[in-house]
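See below for the structure under consideration.
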Amino acid sequence: MRWGECTSPQLGRLNLADRVGLVPVGAIEQHGPHLPTDTDTRLAQAICDGAAARCAAAIVLPALSVGCSLGHGTAFPGTLSLFPEELSRLLIRVAEWSALSGLTRLIFVNGHMGNVAALGAATDRLRFSRPGLKSNWVDWWNASREITAEVLADGEDIHANRAETSLALHVFPELVDLSAMTGADDPDRTGGLTFRYTAEVLSGNGVTGCPSQATAALGETLFEAIVDVVAGKALAGIAEEPPLPRPHGRTPELIEFSGGS
């Protein structure tokens, strides 16, 4: 079930307080010579849809398509980006507005590594200032130890690599440029570096890893494993409460501070 495909009365009848919202958080950025620029958004959306199909109490909110992609620089065409603080504010606003309709349990499903700082900041802010609104996020590449090991098989710093390209071959094969994929391998050059750099000085073509090794079969295996994890978290989150009760007299529903969001 997708939030955006429901009418207002339909959402009102769903008793959203008994549901878990899944929010795809993606990116629009260069993905080497073989993958579309909206790869991260497409994967996050597909994972959320797949998880909702396995968890009847889940509802998929509209995808946040533009993420924080500053690490891709400007040399490779196609990247659109927010700054981390802008993305963090957007995540908070989505949580606050969905809560006004009764949905107070959210899992952000992250499709892009550059979004991690903003997701951490947003959910940290929410757990402090909105204690009645439960939130967390899942990075698909860290959904389990087994998934992480498969993802990092061709390097620690990865982008449009074997695993991600495999997922694309499974989820949207018609958008993968197979002729460009076979010669797109580019090694991880971050080993031993002290500082952080943008993609144009780390990669010759925007790729880090070995997309030539990608297969649709691996993509299907990874996708099913990731969806299982997200669906399991949604199921567990439906009735989850804090392990200990709040201290007596400490039941704030909203804490606000002046000086910005």
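When a residue number appears, it is its place in the shown sequence, counting from 1.
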Note to self: Go through it in stages, so that I can follow the logic: the residues are D154 and D188, the test is side chain to side chain contact (heavy atoms under 4.5 Å, CB included), and I'd like the CA-CA distance, side-chain angles, deciding distance and then a yes or no.
What the structure shows: CA-CA 8 Å; D154 51 339; D188 178 3; over 6 Å; no
Note to self: Apply salt bridge (charged side-chain N to carboxylate O under 4.0 Å, His left out) to residues E241 and K134 and explain how you reach the verdict.
What the structure shows: CA-CA 9 Å; E241 295 297 336; K134 300 176 177 66; 3.6 Å; yes
Next item on the list: Kindly give the cluster partners of L244, where membership spreads through any ILVMFWY side chain lying under 4.5 Å from a current member.
Entry: none
Note to self: Is a donor from one side chain sitting under 3.5 angstrom from an acceptor on the other, for H31 and D40?
What the structure shows: yes
Check: Would you call D157 and R189 a salt bridge, taking side-chain N to carboxylate O under 4.0 Å as the test?
Finding: no
Checklist line | SB check R105 E240 (cutoff 4.0 Å) | finding: no
Margin query: If you count every heavy atom of other residues, nucleotides or ligands that lies below 6.0 Å from K233 atom NZ, does the total exceed 12?
Written below: no
Next item on the list: Using modelled atom types only, decide if a donor and an acceptor are shared between the side chain of D38 and the backbone of T41 within a distance under 3.5 Å.
Entry: no
Check: Taking the side chain from N161 and the backbone from V151, do they hold a donor-acceptor pair closer than 3.5 Å?
Finding: yes
Margin query: Donor-acceptor check, side chain of Q30 to backbone of G206, threshold 3.5 angstrom: yes or no?
Written below: yes
Notebook entry, point to check: Of E164, H112, E29, which meets side-chain hydrogen bond (donor to acceptor under 3.5 Å, both in side chains) against H159?
Noted result: E29
Note to self: Apply the hydrophobic cluster definition, ILVMFWY joined by side-chain contacts under 4.5 Å directly or through others, and give me every member besides L70.
What the structure shows: F83
Next item on the list: Using a 4.5 Å cut-off on heavy atoms from C-beta on, say whether the side chain of Q213 contacts that of L218.
Entry: no
Next item on the list: List the steps, then state whether side chain to side chain contact (heavy atoms under 4.5 Å, CB included) holds for L61 with L103.
Entry: CA-CA 11 Å; L61 277 77; L103 184 66; 3.6 Å; yes
